[in-house]
Amino acid sequence: MQNNIIVLPEELVDKIAAGEVVERPASVVKELVENSIDAGAKNISVEIKNGGVKFIRVTDDGVGMNERNAELAFQRHATSKIKSLDDLFRISSLGFRGEALPSIASVSYLEMLTRTGEDLSGTKIKMEGGNIQEKKPTGAPLGTSLVVRELFYNVPARRKFLKSMLTETRHIIDLLTKFSIAYPEISFKLDSEGRELFAFSAVGSTDDRIADVFGKDQKERMIKIREKEDKIAITGFLGKPEIAPSHRAELYIFVNRRPITSRSLYHAVQSGYGDLLPRGKYPFAVIFIQIDPGSVDVNVHPSKSEVRFANEKVVHDLVYTRIKESLTSPLTIPEIEVKDKASSIPLSWSSRQAEVSMKITESSLGRESPPGLGFIEGMKMEKREAGESDQESFFVAAAFGKTEPGGRGDNSVINRNATTRELSTEGVKINFWQLADTYILSQLKDNLLVLDQHAAHERILYEEALRNLTQKPAASQQVLFPAVTDLTPGEFHLLDEHEELIRRLGFDIKHFGGRTVLVTAVPTGTRNKSGDIFLKEVLSQLEMEEKIEKDKVKALAKSFACHAAIKAGERLNQEEMENLVRKIFTTEEPYSCPHGRPTIIKLTLNELNKKFGRN
Ligand code: ADP
Ligand code: MG
C-alpha cells in the first residue's frame with residue numbers, strides 16, 4: 001500500500017470530532033443542557049423520543065443568541081466562553097471548547113430557535129449533517145430551543161452501537177439527575193414519549209433538591225458532611241450504611257458544580273466509609289468540591305467528564321478525611337421511628353440491613369411484661385433530630401466520667417454504686433436490662449438505647465485487636481490443660497501465613513511437626529473456650545474474611561473479634577452490660593460493628609410521647 005498522506009475533508013474531520021463529543025444521546029443532552037445552564041436559564045426542559053435517538057428537544061429561557069451568534073455557534077471552535085489561553089486555565093462555565101454544537105449538527109438533523117432579550121424577533125436555523133439548510137428570522141420566545149432528530153443517521157456504525165431505548169433513556173435520566181443536584185435553583189423537566197419522567201421545580205437549597213431527587217426518606221438517611229474552613233470546600237451528603245446499595249457505588253461527584261467521574265475520588269469515598277459498610281455494600285454519596293478554578297484542569301477529556309487537580313493527593317485526602325469525620329459522628333446512630341399505626345401488633349423492629357424481630361420474653365426481662373406490650377410497630381431506622389448530637393457524648397461523659405472538652409461532662413454527679421450498678425446522670429438512675437439474651441436496653445438522657453450485645457462487643461474487640469496487631473501485642477493467659485490438635489491443611493496454611501500476627505493477638509502455639517499444634521496460651525479475657533477450638537474458629541473465619549477484606553490485619557482483627565465476642569443468647573450480668581455500654585462509647589466508630597451492622601439504635605422520648613398521644 002502506498003503511503004500517501006492526504007488532508008481529510010472537513011466533513012470527515014467533523015465526524016471524527018463528533019465521535020469524541022457525542023457518544024450517545026445522553027451526550028447530546030449533556031452538551032445542550034450545559035449550554036442552557038451557561039446561558040443563565042432558570043427553566044430547562046428536555047423531551048426525548050426513543051431514548052433520544054429519534055428526537056431530543058432541549059428548551060431553555062436563558063439569554064438566547066442574536067442572528068449572527070446563532071450562525072457562528074455552529075462553527076467549530078466558536079465559543080463565547082473563553083477568549084485567551086489564560087481563560088482556559090480558569091474555566092468557570094460548563095462549556096468552553098466550542099465543539100458541541102458543530103459536532104452534534106454534523107451527525108443529525110438539527111433545528112434551533114433562539115431569541116435574545118434585545119431582539120424583537122428570533123432566529124430559526126435548520127441544519128442537516130452539519131450544513132445550514134435554512135436560516136430565517138421568526139417569532140420566538142426568549143431563550144433557546146434545540147431539536148436534534150435521527151442522531152447518527154449518517155454514521156451507521158455508531159448507530160449500531162446504541163443500546164436499547166431503555167438503556168439510553170436511563171443514561172439521560174442519570175445525567176439530568178446530576179445536573180438537577182448541582183443546580184437546585186434551576187427547574188428541570190424530563191419527558192419521554194410525551195410522558196413526564198420528572199419535574200423538579202427551583203428550590204432554595206441543595207437539601208431541598210436532594211429530597212426531591214432521592215425522596216425525603218432517603219434524604220433523612222443521609223448525613224451532611226460537616227463544613228469546615230478550607231481552601232477547598234467539601235460539602236455533600238453521605239448515605240448511612242443502612243441505605244448502601246448492593247451492586248455498585250452510587251456516587252455523585254461535582255467539582256465546581258460540574259458532574260465528573262474520578263477513580264481517585266471514588267477511592268477516597270470508599271475508604272472514607274471504610275469498615276462502616278457491610279460486606280458487599282457500596283457507598284451512596286453526593287460530594288461537592290468547590291476549588292479555585294486555577295487549581296483544576298477541566299480540559300482533560302472531550303466530554304469534560306474528568307478533571308485533573310493540580311494536587312490530586314491533597315484533594316483525595318481531604319475528601320477521605322471529611323467523609324470519615326462526618327460518618328463517625330454520633331449522627332450516624334440509627335434511630336427507631338415509631339409509626340403511627342394500630343398498636344396491637346407484636347413488638348418488632350427492623351433495620352434495613354439487619355432484619356431483626358424479637359419478642360420480649362419474661363425470663364429475659366426478669367419480670368412480667370404488661371399485657372399488650374405490642375406498642376412499637378414496624379420500627380425503622382430513622383434520622384435523629386439535628387442538634388441532639390451532643391447527647392451521646394454528654395451521656396458518656398456524665399455517666400462514665402469521660403470529660404468533654406466543653407466542660408459539660410461534670411462527673412461529680414456520678415454515683416458509682418458497685419452493688420446496685422446504677423449510674424446516675426443528674427440524679428437519673430441508669431439501669432441495664434437484657435432482652436432475649438441478645439439486646440441490652442439502657443437509657444441515654446431521655447432516650448431508650450438498644451445495643452446488640454454481639455455487634456457492640458465485636459466493635460470493641462475489633463478495635464482492640466487492631467491496636468494489638470499494629471502497636472502493642474495483647475496479653476496472654478496460659479491454658480491450664482492444653483490439648484494437642486491437628487489442623488486441616490487449609491487451617492495450617494493460614495496459620496503458617498499469619499502466625500506472627502496471631503501471636504500478637506495473644507495466642508501461643510507450639511508445633512509438633514506436620515499439622516499438629518498445641519495452643520498453650522490464649523488472649524486474656526477468652527471465655528469458656530479451649531485454646532485449640534478458639535484458634536480453629538479464628539482461622540476458619542479468616543478464610544472467609546480474606547475473600548472480602550484485602551487488608552490482612554483488618555481481616556484477622558475481624559475474625560478474632562467475631563469469635564471472641566459475646567454471642568447473642570448469652571446471659572449477661574449488670575456489670576458485664578455496663579462494661580459493654582461504657583466501652584462501646586469509647587471506640588472510634590461506636591455505631592456499627594466491623595461488618596457494618598448497627599450496634600446501637602435509639603428510641604427518643606419524642607417518639608414515645610407521640611406514640612402515647614402526649615403532644
Ligand atoms: P461551548 O459551549 O463550548 O462554548 P458550544 O458549541 O456548545 O460551545 O456552543 C457554542 C456557543 O453557542 C456558546 O459559546 C454560546 O455562546 C452559544 N450557545 C450555545 N447554546 C446556547 C444556549 N442554549 N443559549 C445561549 N447561547 C448558546
Ligand atoms: Mg457547550
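Atoms within a ligand are numbered from 1 in the order they appear, just like the ligands themselves.
- The shortest heavy-atom distance from E31 to ligand 1 is not under 4.0 Å.
- Side-chain contact annotation: S192 with K49, donor-acceptor N/O pair under 3.5 Å absent.
- Between atom NE2 of residue H316 and atom OG of residue S262 there is a gap of 8.5 Å, rounded to the nearest 0.5 Å.
- Among protein heavy atoms, the minimum distance from atom 6 (O) of ligand 1 is reached at L101 N, 2.9 Å.
- At the top of the distance list for atom 19 (C) of ligand 1, counting protein heavy atoms only, stands N35 ND2, 3.4 Å.
- Of the N and O atoms on the side chains of Y109 and E111, not one donor lies less than 3.5 Å from an acceptor on the other residue.
- Side-chain atoms of D119 and N66 form no donor-acceptor pair, as typed in the model, at a separation below 3.5 Å.
- Residue T114 does not touch ligand 1, judged by heavy-atom distances below 4.0 Å.
- Residue-ligand proximity, G95 to ligand 1, at heavy-atom distances under 4.0 Å covers atoms 2 (O), 3 (O).
- Between the side chains of E545 and H595, at least one donor N or O lies within less than 3.5 Å of an accepting N or O.
- What sits closest to atom 22 (C) of ligand 1 on the protein, heavy atoms only, is T144 OG1, 3.7 Å.
- Contact annotation: N35 places an N, O or S atom under 2.8 Å from the Mg ion (ligand 2).
- Rounding to the nearest 0.5 Å gives a distance of 7.5 Å between CG of N35 and CD1 of I104.
- The backbone N or O of N50 sits less than 3.5 Å from a side-chain atom of E193, completing a donor-acceptor pair.
- Remark: ligand 1 atoms within the under-4.0 Å shell around heavy atoms of T79 are 1 (P), 4 (O), 14 (O).
- The protein heavy atom nearest to atom 16 (O) of ligand 1 is S80 OG, 2.5 Å.
- In this structure, the protein non-hydrogen atom closest to atom 17 (C) of ligand 1 is M65 SD, 3.6 Å.
- Less than 6.0 angstrom separates the ring centroid of F214 from the ring centroid of F284.
- For ligand 1, the atoms lying closer than 4.0 Å to a non-hydrogen atom of A100 are 6 (O), 7 (O).
- Using a cutoff of 4.0 Å between basic side-chain nitrogens and carboxylate oxygens, D207 and K224 are scored as salt-bridged.
- Counting the atoms of ligand 1 from 1 in the order shown, those under 4.0 Å from a heavy atom of P102 are 6 (O).
- Of all atoms in ligand 1, listed by their number and element, those nearer than 4.0 Å to a heavy atom of F96 are 1 (P), 3 (O).
- Counting protein heavy atoms only, atom 1 (P) of ligand 1 is closest to G98 N, 3.6 Å.
- A salt bridge is defined here as a Lys NZ or Arg NE, NH1 or NH2 lying under 4.0 Å from an Asp or Glu carboxylate O, and K30 with E34 meets this definition.
- Within the listing of ligand 1, atoms 3 (O) sit less than 4.0 angstrom from a heavy atom of R97.
- Protein heavy atom at the shortest distance from atom 25 (C) of ligand 1 is A39 CB, 3.5 Å.
- Counting heavy atoms closer than 4.0 Å to ligand 1, residue E99 contributes backbone atoms (N, CA, C, O) but none from C-beta onward.
- Note that OH of Y153 and CZ of R158 are 16.0 Å apart. Values are rounded to the nearest 0.5 Å.
- Protein heavy atom at the shortest distance from atom 12 (O) of ligand 1 is A73 CB, 3.4 Å.
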